[in-house]
Amino acid sequence: MREISNKNISIVGIGYVGLALAVLLARDNKVTAIDIAQEKVDKINELIPFTHDALINKYFVEAKNGARSFNIKGTTDISECAGSDFIIISTPTNYDPEQNYFDCSAVESVLRQINDISGGSDKKPVIVIKSTVPIGFTENIRRELNMDNIIHSPEFLRETSALYDCLYPDRIIVGCNEETSESARDFAELMKNAAEKEIIDSLIMSFSESEAAKLFANTFLALRVSFFNELDTFAESKGLNSANIINGICKDSRIGDFYNNPSFGYGGYCLPKDTKQLLANYDKVPEQLISAIVCSNYTRKSFIAEQVIERATDIGGDSGEIVIGVFRLTMKTDSDNFRNSSVLDVMEMIRTKGFNMIIYEPVLPEGSDFCGSKVVNDIEVFKKQSTLIIANRFDPVLDDVKDKVYSRDLFKRE
Ligand SMILES: NC(=O)c1ccc[n+]([C@@H]2O[C@H](COP(=O)([O-])OP(=O)(O)OC[C@H]3O[C@@H](n4cnc5c(N)ncnc54)[C@H](O)[C@@H]3O)[C@@H](O)[C@H]2O)c1
């Protein structure tokens, strides 16, 4: 296999995925990081850490003080991708509830711009779609735009450890056809060379198989979360100890003692949208399980909301006098965003029953209003003002008020 490094690489869309890839690849290649957000681009050029990813921040600091060689340039001008060997696209693909499909317009518009820029040139870049897309998207867009240099490579990183996951990936998948198989192998080699893990499986498959691998992987994770959540719903309803049952199941090495901690529902940017997209892709293909995974999450959130309302009502008094404190809107303790966080839907369900809520969320400004609830970021004031506290993930800071905390974080480890 050829050694692939020292390449000109452009990355378009510098979010969680794009930034981690940019930092990964800038160690041995020349990276142009392209985004429409001027603020992000400026921070990249000045090497100012701006994420909650400790490893990315460390690399920025080391690059700034000269301890690390790092070839990265930020820009908002997409024409700067001209002459690149690889152009990686990692723009958002949000789920559009009206279309019941991903909105891939950002990926499409970037591809059209790249086509205009590099269309006439002799040297064609390898264009890699890293965004999660519907099954069939890559083939269709290649045909529609008459661009035969597009391949697909799904990304599996986690937001809270994005760079680490790129350095130590479980596998690299690239989707291609016969004509692009060499480009696919080159891209897999580029990613392997950039990683620190010694042995990495690279799996080359068709465009649609690679798109499907991503959606099925996330749907499997959602299934696992839903399974332990439904177990927990059952145990709580019947007065059983969920942790005992989960331990009893997960000591079985075929099942495994991980990713089994009950929560208020699966959430975050990817699982809710990717499960819905996979369901949409099934279309007329027979299925029972995929739709059940999507429905199960709603059922879980409704159950949690009912439990909270029951406890709040037990406390007594008029619902107007009860203050439900929401401890963090993020899905995980170390996350810096709450995109599609399950607690948001739980809050909405509680709000419709007329309960007042306050929120402890340091990501939001103190005193601000979030969907009709006030942000109280002085933790002592928050604890005092809350009649009942709900926490998707428990935190030791709540130890002294744990009697008024409702959480299903049984293992307090993730
Ligand atoms: N976040 C994750 O954990 C994760 C993991 C695997 C895959 N993915 C997939 O990767 C894709 C990107 O996700 P993300 O979380 O990094 O998104 P993000 O919202 O964090 O970042 C997207 C970036 O793209 C920029 N952008 C939007 N339109 C643009 C355009 N036309 N030109 C240039 N830049 C543009 C935005 O300003 C933003 O900086 C999605 O398809 C997502 O499903 C995400």
Side-chain angles (χ1 to χ4, degrees), residues 10-24 32-44 50-53 56 74-81 87-96 101-117 127-135 137-138 141 152-166 169-173 175 191 210-222 266-278 330-332 334-341 363:
S10 291
I11 303 181
V12 191
I14 307 298
Y16 288 89
V17 170
L19 184 64
L21 293 173
V23 172
L24 174 86
T32 306
I34 304 167
D35 202 286
I36 47 175
Q38 183 68 52
E39 207 184 309
K40 262 187 198 179
V41 163
D42 291 344
K43 288 201 169 118
I44 289 167
F50 62 96
T51 70
H52 273 222
D53 189 312
I56 292 182
T75 178
T76 54
D77 180 2
I78 196 162
S79 70
E80 291 201 35
C81 73
I87 304 178
I88 300 172
I89 303 175
S90 45
T91 51
T93 48
N94 299 332
Y95 179 77
D96 177 348
Y101 230 69
F102 278 175
D103 171 4
C104 294
S105 55
V107 177
E108 277 188 50
S109 100
V110 168
L111 283 170
R112 284 179 200 280
Q113 291 174 77
I114 296 170
N115 206 10
D116 290 345
I117 294 157
I127 301 170
V128 187
I129 300 176
K130 265 274 165 195
S131 301
T132 307
V133 291
I135 301 165
F137 176 83
T138 308
I141 201 77
H152 176 259
S153 176
E155 181 51 62
F156 297 95
L157 61 76
R158 296 161 296 175
E159 281 181 8
T160 44
S161 54
L163 179 54
Y164 179 89
D165 290 348
C166 290
D170 290 331
R171 75 297 210 188
I172 291 164
I173 295 182
M191 296 301 287
S210 135
E211 292 159 345
K214 173 65 190 174
L215 294 181
F216 275 98
N218 270 358
T219 304
F220 184 82
L221 295 176
Y266 63 78
Y269 180 41
C270 295
L271 298 198
K273 76 179 179 81
D274 292 0
T275 46
K276 287 179 190 153
Q277 178 56 53
L278 182 60
T330 52
M331 284 301 293
K332 293 181 185 169
D334 50 356
S335 173
D336 64 344
N337 78 76
F338 42 86
R339 299 193 276 188
N340 287 314
S341 192
V363 166

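If you're wondering where the values come from, they're calculated on a predicted model, not measured in any experiment. Note that ligands are numbered from 1 as they come in the structure, with each ligand's atoms numbered from 1 the same way.
The structure places CG of Leu19 at 11.0 Å from CG of Leu24, a figure rounded to the nearest 0.5 Å.
The ligand atoms of ligand 1 that sit less than 4.0 angstrom from a heavy atom of Lys40 are 38 (C), 39 (O). Those atoms of ligand 1 that come under 4.0 Å of a heavy atom in Gly13, given as number and element, are 23 (C), 24 (O), 25 (C), 34 (N). Within ligand 1, counting atoms from 1 as listed, the ones closer than 4.0 Å to a heavy atom of Lys273 are 42 (C), 43 (O).
For the residue pair Thr75 / Glu80, a side-chain donor-acceptor distance below 3.5 Å is found, with atom types taken as modelled. Looking at Tyr95 and Asp274, their side chains never bring a donor and an acceptor atom within 3.5 Å of each other. A side-chain donor from one of Asp103 and Ser105 sits under 3.5 Å from a side-chain acceptor of the other.
Close N/O approach between Tyr16 and ligand 1 is found [any backbone or side-chain N/O within under 3.5 Å]. Considering backbone and side-chain N/O atoms, Lys130 never comes within less than 3.5 Å of an N/O atom of ligand 1. For Asp35, a nitrogen or oxygen atom sits less than 3.5 Å from a nitrogen or oxygen atom of ligand 1, counting backbone and side chain alike. Taking distance alone, with nitrogen or oxygen atoms compared against 3.5 Å, Arg158 stays at or beyond that limit from ligand 1. Backbone and side-chain nitrogen or oxygen atoms of Pro92 are examined, and none is located within less than 3.5 angstrom of a nitrogen or oxygen of ligand 1.
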Please report the C-alpha distance between Leu111 and Ile129 in whole Å, then the side-chain angles of each, then the deciding distance to 0.1 Å, and finally whether the side-chain contact (heavy atoms from CB on, under 4.5 Å) criterion is met.
-> CA-CA 9 Å; Leu111 283 170; Ile129 300 176; 4.2 Å; yes
Pair Ile127-Ile89, side-chain contact (heavy atoms from CB on, under 4.5 Å): steps then yes or no | CA-CA 8 Å; Ile127 301 170; Ile89 303 175; 3.9 Å; yes
Evaluate side chain to side chain donor-acceptor pair (under 3.5 Å) for Ser90 paired with Glu155, printing each intermediate quantity in order.
-> CA-CA 9 Å; Ser90 45; Glu155 181 51 62; over 6 Å; no
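Pairing each heavy atom of Ile173 with each of Ala213, the nearest pair is CD1-CB, 3.9 Å.
With hydrogens and angles disregarded, no donor-acceptor distance shorter than 3.5 Å links the side chain of Thr32 to the backbone of Cys81. Panel note: side chain Lys130, backbone Pro154; a donor-acceptor pair is recorded below 3.5 Å. Checking side-chain atoms of Lys40 against main-chain N and O of Phe50 turns up no donor-acceptor pair under 3.5 Å. With Ser131 contributing its side chain and Thr91 its backbone, the two residues share a donor-acceptor pair below 3.5 Å.
Annotation: atom 21 (O) of ligand 1 to nearest protein heavy atom, Gly15 CA, 3.1 Å. Distance from atom 5 (C) of ligand 1 to its nearest protein heavy atom, with residue and atom name: Leu157 O, 3.5 Å. Scanning the protein heavy atoms around atom 8 (N) of ligand 1, the nearest turns out to be Val17 CG2, 3.6 Å. When only non-hydrogen protein atoms are considered, atom 31 (N) of ligand 1 lies nearest to Val110 CG2, 3.8 Å. Scanning the protein for heavy atoms near atom 33 (C) of ligand 1, the closest one is Val12 CG1, 3.6 Å. Remark: minimum distance from atom 3 (O) of ligand 1 to any protein heavy atom is reached at Glu159 CG, 3.2 Å. Of the protein's non-hydrogen atoms, the one nearest atom 6 (C) of ligand 1 is Glu155 O, 3.2 Å. Annotation: atom 12 (C) of ligand 1 to nearest protein heavy atom, Ser90 O, 3.5 Å.
Under 4.0 Å from ligand 1, heavy atoms of Thr132 appear from its side chain as well as its backbone. Of the heavy atoms in Ser131, both backbone and side-chain atoms come closer than 4.0 Å to ligand 1. The proximity of Arg339 to ligand 1, defined as any non-hydrogen pair under 4.0 Å, is limited to the side chain. Looking at Cys270 against ligand 1, only its side chain comes within 4.0 Å, counting heavy atoms.
No side-chain heavy atom of Tyr266 sits under 4.5 Å from any side-chain heavy atom of Leu221.
Relative to atom 42 (C) of ligand 1, the option among Tyr269, Phe102, Phe156 with the closest non-hydrogen atom is Tyr269. Residue nearest to atom 28 (N) of ligand 1, selected from Thr51, Ile36, Ile78: Ile36 (by heavy-atom distance).
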